[in-house]
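Structure, as structure tokens:
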2 protein chains.
Amino acid sequence: MAEQAIPTSGTAERDAGPIRARKHRGATSGASRPATIYDVAAAAGVSHQTVSRYLKGFEGIRPETRAKVERALADLEYRPNLTARSLTTGRSRRIGALTHDIDKYGPSKLLGAASAAARDAGYVLDIVTLDTGDTASITQALAMIAEHDVEGILALSSTDEMTSAFERIDFRVPALIATELDEPVRVESQLATVGMPALVRHLSSLGHRTILHLAGPSQWSAARNRTRALASATAEDGLTIVRTIEGDWSAASGYAAIKVLADLDATAIVSANDQMALGAMLALGERGLSVPGDVSVTGIDDIPDAAFFCPPLTTLRMDLNGSGRDAVRELISRIDGSEAHDPRAVQSELIVRRSTGPAPR
Amino acid sequence: MAEQAIPTSGTAERDAGPIRARKHRGATSGASRPATIYDVAAAAGVSHQTVSRYLKGFEGIRPETRAKVERALADLEYRPNLTARSLTTGRSRRIGALTHDIDKYGPSKLLGAASAAARDAGYVLDIVTLDTGDTASITQALAMIAEHDVEGILALSSTDEMTSAFERIDFRVPALIATELDEPVRVESQLATVGMPALVRHLSSLGHRTILHLAGPSQWSAARNRTRALASATAEDGLTIVRTIEGDWSAASGYAAIKVLADLDATAIVSANDQMALGAMLALGERGLSVPGDVSVTGIDDIPDAAFFCPPLTTLRMDLNGSGRDAVRELISRIDGSEAHDPRAVQSELIVRRSTGPAPR
DNA sequence: AACGGCGATGTTACCGGTAATATCAAGGAG
DNA sequence: CTCCTTGATATTACCGGTAACATCGCCGTT
């Protein structure tokens with residue numbers, strides 16, 4: 001109440017100093033614009049630089065000065081203006097996230113994990129979604145992100161178009177595509193229960209020798225990765241992939257793949273994700289084939305619904321939370337110039353449910 | 001090549017003028033920092049203000065001046081710095097989005113639609129996710145968003161905690177919770193095929209009179225909205241809700257609800273979303289009840305997988321894309337101070353599949 | 001007692017834009 | 001022919017911070 005913008009006494013004049021005048025801010029709080037460090041400095045009777053130093057955590061401030069600043073900060077409900085800070089420091093504490101298919105399980109799970117990891121590190125994610133996966137739309141989205149002054153760029157959909165855009169464009173900031181590692185790392189002590197080898201061994205131990213592979217779209221690196229892992233694991237265990245059909249991750253594509261097939265030729269279907277497995281199981285039912293009596297079916301991801309499919313789906317649980325988090329941490333460490341963490345393979349774990357059973361004779 | 005930061009001749013001095021000196025930028029392009037309007041102005045031999053005016057689309061610029069500016073802009077690959085612009089204008093072109101359960105279908109679908117609508121209007125979404133829905137975590141997230149200088153705030157999860165946080169906090173910017181409208185609007189011409197009344201009429205016409213209601217968590221406004229719509233529609237058609245069990249949207253909760261039930265007492269189960277319906281159907285199967293032979297089951301949302309459940313699920317397709325888009329448009333119109341659109345009810349459409357059939361005698 | 005060093009604080013410049021004001025040349029009126 | 005007006009452009013101030021440098025008072029030294 002006593003404080004005014006225009007000095008009316010010698011004391012006030014000395015306190016305020018010849019600092020840049022603020023035109024507004026009558027009372028200490030209210031509907032006026034948020035307080036700046038200049039307002040705080042004036043209220044505390046110090047220079048704005050002292051306030052800035054305090055906020056930065058600078059030690060060498062006398063206790064009484066410190067107390068005045070703290071008091072003023074609290075009185076004025078000061079909140080730093082990140083825009084102004086980022087203009088001088090170049091640090092915006094923002095990461096651009098690029099994604100399409102955000103309503104699909106994988107990308108949205110990754111996004112959630114990435115966002116949580118970013119928040120914990122004091123960053124927010126600027127998200128830009130793509131309607132289509134074509135190069136033009138990716139380029140345009142990247143331009144949009146770039147204008148918004150992000151410190152790093154994270155892509156949550158790892159397709160060939162995305163990869164090529166990332167290789168072609170000079171971002172001036174660290175950029176990263178969150179993806180499953182191309183070469184799965186073997187965790188020696190858990191080899192038998194981890195990942196695709198475990199899945200294949202499970203099928204093999206049930207007597208299956210012939211596999212129909214429902215693959216993901218080949219321009220996705222995750223799809224290629226899964227296909228490669230399956231090929232390598234089946235080769236090792238002596239199983240045969242009698243047929244590979246490429247879907248688009250959707251249940252509809254899994255359904256269509258099985259529906260149009262003249263002959264199944266296999267006792268097990270290994271799908272690159274749970275949704276396609278779901279579609280496949282429905283189509284099998286409509287052909288009069290029972291799961292797992294006639295055909296065993298497996299998925300990948302372990303989406304929450306998979307445990308309630310009919311029958312509940314045997315699948316590989318992917319640690320997408322972990323990979324989203326790791327991707328952001330890796331990106332932030334590149335931003336900060338600190339040492340990168342070791343890139344870790346996505347952890348996966350075999351979840352056996354009722355969709356797999358002994359191979360029919 | 002000929003241009004240098006330090007004037008070495010009268011000509012250069014006149015061209016550059018007594019403007020703030022730039023220390024860097026030797027060649028016109030390369031690994032140096034991005035060009036500013038001052039660089040462009042120097043290259044074009046005009047003042048930075050002329051460049052600014054050009055960028056703003058100001059008309060009164062002489063054609064030859066305009067040409068010089070355009071040339072310089074292209075040569076230097078100028079990209080505006082949104083941070084600097086937003087510091088003076090107060091327009092950041094950012095909307096803060098607050099959400100949890102982003103890996104669930106509803107929120108992620110809303111987010112995708114919101115992001116697309118924002119992008120089309122030149123905004124990006126700053127997303128902050130919540131681990132938990134409690135008030136403290138919401139408050140903290142909102143503080144984080146506020147620092148990041150957004151022009152509006154959009155919540156994508158409409159729970160009581162969110163609502164109360166929104167009422168308690170003064171954001172200084174428009175804030176909006178994306179939610180289904182509390183009072184469904186009736187589209188007269190389509191009354192019979194739209195929304196909950198259509199769903200109930202469908203069950204009624206199949207001879208069902210008793211309904212078990214699998215409700216969503218009551219702190220979600222969408223859950224309350226759906227429950228209310230069901231109550232009103234059943235009352236109108238003379239059906240009885242014999243029991244209401246509250247789940248948490250997950251298939252697991254739908255499964256558990258039916259699993260522990262001593263007696264079903266109803267010929268139809270109306271679930272507040274598709275996932276709980278999925279869980280319920282599995283539990284029904286395990287009790288030896290067939291769908292739809294013994295019990296009919298319906299969901300809400302029409303998630304992409306619902307058409308491939310076993311059996312495929314009769315459900316209400318919700319236009320979440322539309323509501324996400326509308327929420328952002330509404331928010332942006334409030335930001336711009338323009339007239340708000342009419343709030344529209346979420347459009348929903350009855351999708352009849354095989355999970356509903358004639359009531360058993 | 002004069003002085004150098006140093007810790008605490010104040011002053012100025014700068015980030016990259018936009019807004020407001022100033023300048024300047026050309027054209028029209030008196 | 002001079003003055004005023006006006007359109008085009010230049011200059012300056014400002015947004016809210018941070019960084020670099022300047023200042024000032026107090027201390028111990030010789």
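Note on naming: letters A, B, ... go to the chains in the order of the sequence lines (proteins, then strands), and numbering restarts at 1 for each one.
- Residue-level contact check: A/Y78 touches the backbone only, with heavy atoms under 4.0 Å from sugar-phosphate atoms and none from bases.
- Atom OH of B/Y54 is separated from atom C1' of C/dG17 by 17 Å (rounded to the nearest Å).
- At whole-Å resolution of the value, NE2 in B/H48 and P in D/dT12 are 11 Å apart.
- A sub-4.0 Å separation between OP1 or OP2 of D/dG17 and a side-chain N or O of A/K56 is absent.
- Looking only at side-chain heavy atoms (C-beta outward), B/L87 and B/T83 stay at 4.5 Å or farther from each other.
- At the phosphate of C/dG10, OP1 or OP2 sits under 4.0 Å from a side-chain N or O atom of A/S47.
- Taking only side-chain nitrogens and oxygens, B/T36 never comes nearer than 4.0 Å to OP1 or OP2 of C/dG16.
- Using a 4.5 Å heavy-atom threshold, the side chains of A/R79 and A/P34 count as separate.
- As a whole-Å value, the separation of A/E59 CD from C/dT9 C1' is 16 Å.
- No contact: A/L55 has no heavy atom under 4.0 Å from any strand.
- The side chain of A/T65 lies closest to C/dT9 when the candidates are C/dT9, D/dG17, D/dA19.
- The side-chain heavy atoms of A/I153 and A/V173, taken from C-beta on, include a pair separated by under 4.5 Å.
- Here A/R62 does not reach the OP1 or OP2 of C/dG7: none of its side-chain N or O atoms lies under 4.0 Å away.
- A/L87 has its CG atom 14 Å from the P atom of C/dC14, to the nearest Å.
- Comparing D/dG17, C/dG17, D/dT18 by their nearest atom to the side chain of A/S52 picks out D/dT18.
- Taking for each of B/G60 and A/P80 the nucleotide of DNA chain D with the nearest heavy atom, the 5'-most of the two is the partner of B/G60.
- A heavy-atom distance below 4.5 Å is found between the side chains of B/V328 and B/L154.
- Regarding B/I37, its CD1 atom lies at a distance of 12 Å from the C1' atom of C/dC15, rounded to whole Å.
- Here A/I61 lies in heavy-atom contact (under 4.0 Å) with sugar-phosphate atoms only.
- Between A/T89 and the phosphate of D/dT18, there is no side-chain N or O to OP1/OP2 separation shorter than 4.0 Å.
- When rounded to the nearest whole Å, the span between CD of A/Q49 and P of C/dA8 equals 15 Å.
- B/E64 has its CD atom 18 Å from the P atom of D/dG7, to the nearest Å.
- In the set D/dG17, D/dT12, D/dT9, the nucleotide with an atom closest to the side chain of A/R85 is D/dG17.
- A 4.5 Å side-chain heavy-atom check between A/T163 and A/I177 finds at least one atom pair inside the cut-off.
- Between B/R53 atom CZ and C/dA19 atom C1' there is a gap of 10 Å when expressed in whole angstrom units.
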